[in-house]
Amino acid sequence: MLDILKLSIALTIVAIGSGLVVAFTYYNTGEEIQAQERRNQMEALEAVFPDGVEIKTRSGNNPLPSTYWVAQTDSGLAGYAFKQKSKGYAGDIQVIVGVAPSGEILGLNILSHKETPGLGDRVSEKPSKKYIWNVLAGTSEKTSPWFTEQFKDLSVFEEIKIDKSTEYHTCSDEKKGKLEKTNTITAITGATISTRAVKNCIRKNVPEYLNYLKSSGESS
Amino acid sequence: MIKEELKRGIIAENPILVLALGLCPALAVSTSLQNGLGMGCAATFVLICSNIIISLIKKWIPEKVRIPCYIVIIATFVTIVELTLKAYFPELNNQLGIFVPLIVVNCVILGRAEAFASKNNLGRSIIDGFVMGLGFTLALCILAIIREVLGSNKLWGLKVFPGFRPMTIFILAPGGFFTIAFVMAMINYFRQKKEGGQS
Amino acid sequence: MNIDFISLVQISIAAVFINNFVLSRFLGLCPFFGVSKKLSSAVGMGMAVIFVMTVASMITWIIFHYLLVPYEVDYLRTIVFILVIASLVQLVEMTLQKFSPVLYDALGIYLPLITTNCAIMGVAVLNAGKNDFTQEPYSFIESLVNGIMSGIGFTLALVLMAGIREKLELANIPRPLQGLPIAFVTAGLMAIAFLGFSGLNFFK
């Protein structure tokens, strides 16, 4: 009996000690974690709008999603942002998309995905032309995700076509202009399903949202 | 003495490549050098801290409940690592995913607690935690370098060879198995050659 | 209760084939290589894992959603889960010993090994996270199914591996590859085969 008591006391002390240590750590990091999450959310939003807009969170009723965002400039409404998801190759792809009231895509940001590394996960790839040798020598350059970038300036109201012959980041400027004119994106080699999933994210509900917002006369 | 200890942790008793402990995180996060190094540091931190605490309080822990006590202590440090990563290294935390909480069941850590820290004094336990952690981290980095260069033609996220088409399979699950098989076979080959030469 | 049957089928197929615990998620590798030398012990270990995984996913789900989340102490997740699993394994061992000696004889020696099997902890942590398909937290039934099916997936891989390794014993393998390295190569080849399941999409 005494033995059991001794065992329980030892275990209890260890558990209480660990609980205190963890609680202390949480107390010190909790705020930073929340701030980090807010910052991520903000950065994701800012990336889909042009610079210098004021972003406000709105809650919507059917058919609008429960939360969406409105961006405003001094001269008026700049656009909306919606969170969208669609079934990719393995699990859902979640994106946030910024659109102008006219249906022109302002920016696209992949929030989360479960795509195959090396193939589908290139939806959020940054085309690094940066070689390790250059970095060791001290030269650097800025990169951005090519796949999401090509959606910019396309229209959500028209069917977005998929060109499987090349990848955007290898195209010439002339070809890029042609793609934009024909409302076309290039597919990721070997990952057509992931490409289509991202396209579906945008085409699925966003046009209806925009039409609804327009018809309900919301302009502020 | 330090030199011998280092040799023991990194080569003779390397946790991953020789003892084949802690394989799960070793294969799962060695897709890039950043992840491998991050995981290695996190596990080493937990290993050293738990070794310190366990060697300090080993006298007061009754024999029968020692394993649960060790587990609680390890889990405490894992949670500290988890919260710290979440707060200050969110990207690394996302990459490592569920393998951060799973450090708690990494057999290397519980194994060292049981086999070493519970029997030795503070100084030696710290050294043991350090060299074993170093061995774990180095093994992870070796696997990660091979897989990242072959699988995505990158190192630390930067391109390596111009014009080399990466073999994606190396950063997928099968590549992990092949890489560790190859590294282990190399180690066996050299060891057998050495033994063969001696006899 | 509203049970989404399609989502359960999705979870099952994903857990057994697409995200097979051993061959694609890299969970539970230690027992996978440790206990796969003989077919009979592989089956025993597999059964023990299915059993513990199922019970563990139920209990950890209940604790997580009715204890940790309401009191906002979900940062204690890791500590609580590992303690629950460790004591659960002990409890299962004692219960089996007392009430079902036959089952205990079959599974008994594998149970202590299960505490440090990261597959069990893995399924508990995954169930506390979000469902890959819906991005919603797992419901109780979903996490239960996920537990059973992940265990079955683990057992499938383990039994296949044991069958292959029994035959490998007879093969003439270069000396440096003998033992673990060739087992890793085998696992790699199996993983390639399982890679074929990813992209399986029944319910578009």
Side-chain angles (χ1 to χ4, degrees), chain B residues 17-18 20-31 67-68 70-83 86 97-107 109-111 169-170 172-193 196, chain C residues 19-34 75-83 85-87 90 112-126 128-129 173-195 198:
Chain B
L17 298 174
V18 178
L21 294 173
L23 290 173
C24 307
L27 293 186
V29 305
S30 59
T31 50
I67 299 286
Y70 297 165
I71 291 179
V72 172
I73 291 167
I74 294 170
T76 310
F77 288 112
V78 171
T79 311
I80 292 175
V81 167
E82 215 182 326
L83 292 171
K86 236 186 223 166
I98 66 162
F99 285 92
V100 180
L102 288 184
I103 297 175
V104 76
V105 279
N106 188 326
C107 358
I109 296 171
L110 190 61
I169 193 136
F170 272 93
L172 301 180
F177 288 116
F178 291 143
T179 311
I180 196 168
F182 172 74
V183 175
M184 274 187 168
M186 286 298 281
I187 290 174
N188 284 350
Y189 175 75
F190 284 115
R191 183 183 294 153
Q192 282 158 6
K193 208 169 149 189
Chain C
N19 291 327
N20 185 286
F21 256 44
V22 182
L23 296 172
S24 108
R25 279 202 206 269
F26 291 122
L27 289 170
L29 290 183
C30 295
F32 179 69
F33 289 108
Y75 58 90
L76 288 176
R77 182 189 64 179
T78 311
I79 297 182
V80 171
F81 282 7
I82 187 70
L83 270 182
I85 290 167
S87 35
Q90 285 270 306
L113 292 174
I114 285 181
T115 314
T116 50
N117 182 343
C118 52
I120 312 285
M121 183 71 184
V123 83
V125 175
L126 284 175
I173 300 160
R175 259 184 77 208
L177 278 172
Q178 275 168 17
L180 268 182
I182 195 72
F184 279 120
V185 173
T186 315
L189 293 173
M190 286 166 69
I192 294 185
F194 271 72
L195 211 56
S198 67

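So you know, we letter chains A, B, ... as the sequences are listed, proteins then strands, and number each from 1.
- Inter-residue side-chain proximity for C:Ile82 and B:Val78 is flagged as unmet; no heavy-atom pair is nearer than 4.5 Å.
- Contact record, C:Cys30 with B:Cys24: N-SG, 4.5 Å, taken as the closest heavy-atom pair.
- Both the backbone and the side chain of C:Val185 come within contact range of chain B, each with at least one heavy atom under 4.5 Å from a heavy atom of that chain.
- When heavy atoms are compared at a cutoff of 4.5 Å, C:Gln178 approaches chain B solely by way of its backbone atoms N, CA, C and O.
- Closest approach of B:Gln192 and C:Pro176 over heavy atoms only: OE1-N, 3.5 Å.
- For B:Phe170, the ring-ring contact (aromatic ring centres under 6.0 Å, His included) test picks out no residue, with sequence neighbours left out.
- Using a 4.5 Å heavy-atom threshold, the side chains of C:Leu27 and B:Ile98 count as touching.
- Using a 4.5 Å heavy-atom threshold, the side chains of C:Phe26 and B:Leu102 count as separate.
- Atom CG of B:Leu21 is separated from atom CG of C:Leu29 by 12.0 Å, given to the nearest 0.5 angstrom.
- B:Val72 is listed as a side-chain neighbour of C:Leu83, based on a closest heavy-atom distance under 4.5 Å.
- No part of C:Ile182 comes within reach of chain B, as not one of its non-hydrogen atoms sits under 4.5 angstrom from that chain.
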Return all side-chain donor-acceptor pairs below 3.5 angstrom for residues 174-185 of chain B, not counting sequence neighbours, or 'none' if the list is empty.
from: B:Thr179; atom 1: OG1; to: B:Gly175; atom 2: O; distance (Å): 2.6

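- If you tally non-hydrogen atom pairs under 4.5 Å between each of C:Met121, C:Gln90, C:Met190 and chain B, the highest count goes to C:Met121.
- Each of C:Val22, C:Ile79, C:Leu23 has some count of heavy-atom pairs under 4.5 Å with chain B, and the biggest count is that of C:Ile79.
- With chain C as the partner, the residue from B:Asn106, B:Leu27, B:Leu23 showing the most heavy-atom pairs under 4.5 Å is B:Leu27.
- Interface residue B:Ile169: only side-chain heavy atoms are found under 4.5 Å from chain C.
- Atom CG of C:Leu76 is separated from atom OG1 of B:Thr76 by 9.5 Å, given to the nearest 0.5 angstrom.
- Looking at C:Phe32, neither its backbone nor its side chain comes within 4.5 Å of chain B, counting heavy atoms on both sides.
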